[in-house]
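Take a look at the structure below.
Please read all numbers here as calculations on a predicted model, not as lab measurements. We number each residue from 1, following the sequence as shown.
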Amino acid sequence: MADTVIQAKDLHKSFKTTKVLRGVDFEVKQGEIFALLGSNGAGKTTTIQILSTLLRADSGTATIAGFDVVHQAEEVRNSISLTGQFAAVDDMLTGRENLELIAKLRADSQPKDTASSLLKRFGLVDAADRQSSTYSGGMKRRLDIAMSLIGTPAVIFLDEPTTGLDPEARLEVWKTIKELSKGGTTILLTTQQLEEAEHLADKIAILHGGKIIANGTLAELKRLLPPTKKEYIEKQPTLEEIFFAITGKKETK
């Protein structure tokens, strides 16, 4: 059985009088893609910030690769990469230069070789020596994820990785995420796009009202709904239907 790489226990966090997290619990196994779903303000980004040592929980504990996020913060940072909602790419530099810069900052002994390898892996060889300001949204996102792999992190946090991307670019990023998982990287992604979670995730958790109110595989979540009604054909519930049924929200078209 795969080892637990990410573990959150009873995380609480408030900002002034607003309670954002009210006891968040979940764990992620090695190599899993774990999707954290929730509406705006549900606490998804706050959870990632706590797990990545950028924010301290008011109470509760969390570990990454066995390291406590508070007491072993440096070890946690050496084990992770964080890709935010917007690509952290320097538009003045080429794709190659962006990668070499991060490799040098991470004390990579062969930054040029590392950059060349990642450019090939992410299908960016032809655009390697162009300014990244000329890249499409999907190319920038792939470059951003490639930069996050330098140093071979055990865990990658992706905070709404396809925000603002067109459908073709989104598919490119999905393919990259799946390949990383197959290589053994553990991925925690937040998203509001239910189709994205349905397509990518091994496990899905729904964050609502500051708590995880459902957690499991897509098949397990489907079993939370009443049996499907048979008319002419059996209609299986989509993840979107499950989400709105569990959170008590009405779907709007």
Closest heavy-atom contact between A115 and E100? CB-CG, 3.6 Å
In one Ile/Leu/Val/Met/Phe/Trp/Tyr side-chain cluster, 4.5 Å: I80, I145: no
Q131 versus L93: any side-chain heavy-atom pair under 4.5 Å? no
Are side-chain heavy atoms of L171 and E168 found at a separation under 4.5 Å? no
Are more than 12 heavy atoms from other residues, nucleotides or ligands located less than 6.0 Å from atom NZ of K222? yes
Electrostatic pair K29-E27, nearest N-O below 4.0 angstrom: yes
So for atom CZ, which belongs to R130, do other residues, nucleotides or ligands contribute more than 12 heavy atoms lying within a distance under 6.0 Å? yes
Suppose we screen for side chain to side chain contact (heavy atoms under 4.5 Å, CB included). Which residues come up paired with T217, at least two apart in sequence or across chains? K203, A219, E220
How long is the gap from CD on Q110 to NZ on K104, to the nearest 0.5 Å? 13.5 Å
Check: Y135 side chain, A127 main-chain N or O, donor-acceptor pair, under 3.5 Å: yes
Identify the heavy atoms of L239 and A197 that sit nearest to each other, and give their distance. CD2-CB, 3.7 Å
Minimal heavy-atom distance between T83 and R141, with the atoms involved, is CG2-NH1, 3.1 Å
Show, in sequence, the C-alpha distance, side-chain angles and deciding distance for D108 and D113, and conclude whether the side-chain contact (heavy atoms from CB on, under 4.5 Å) test is met. CA-CA 10 Å; D108 188 303; D113 290 345; over 6 Å; no
V28-V24 co-clustered via ILVMFWY side chain contacts under 4.5 Å: yes
Under the 3.5 angstrom rule, does the side chain of T186 hit a backbone N or O of E32 as a donor-acceptor pair? no
Do you know the tightest heavy-atom contact between S132 and N98? OG-ND2, 3.5 Å
Looking only at heavy atoms, the pair that brings A128 and L119 closest together is CB-CD1, 3.5 Å
Determine, step by step, whether K211 and D25 satisfy the salt bridge (Lys or Arg N to Asp or Glu O under 4.0 Å) criterion, reporting the C-alpha distance in whole Å, the side-chain angles of both residues, the deciding distance to 0.1 Å, and the verdict. CA-CA 8 Å; K211 291 185 176 183; D25 295 273; over 6 Å; no
Taking the side chain as everything from C-beta on, heavy atoms only, tell me whether I187 gets closer than 4.5 Å to L180. yes
Please confirm whether the backbone N or O of G23 pairs with a side-chain atom of D10, one donor and one acceptor, at under 3.5 Å? no
Test your reading of the model: is there a side-chain donor-acceptor pair from S52 to the backbone of I48, 3.5 Å cut-off? yes
Quick check on the hydrophobic clustering: are L124 and M147 connected, directly or via other members, by side-chain heavy-atom contacts under 4.5 Å? yes
Contact check, side chains of I246 and H208, non-hydrogen atoms, under 4.5 Å: no
Spacing of I204 atom CD1 and E198 atom CD [to the nearest 0.5 Å]: 7.0 Å
Can you tell me how far the CD atom of E196 sits from the OG1 atom of T190, to the nearest 0.5 Å? 9.0 Å
What do you reckon, is CD of E179 surrounded by more than 12 foreign heavy atoms closer than 6.0 Å? yes
Which heavy-atom pair separates S148 from P153 by the least distance, and what is that distance? O-CG, 3.3 Å
Any sub-3.5 Å donor-acceptor pair from D144's side-chain atoms to K140's backbone N or O? no
Going only through I, L, V, M, F, W and Y residues with side-chain contacts under 4.5 Å, is there a path from L36 to I213? no
Please say yes or no: joined through hydrophobic side-chain contacts below 4.5 Å, possibly via intermediate residues, are L11 and F15 part of one cluster? yes
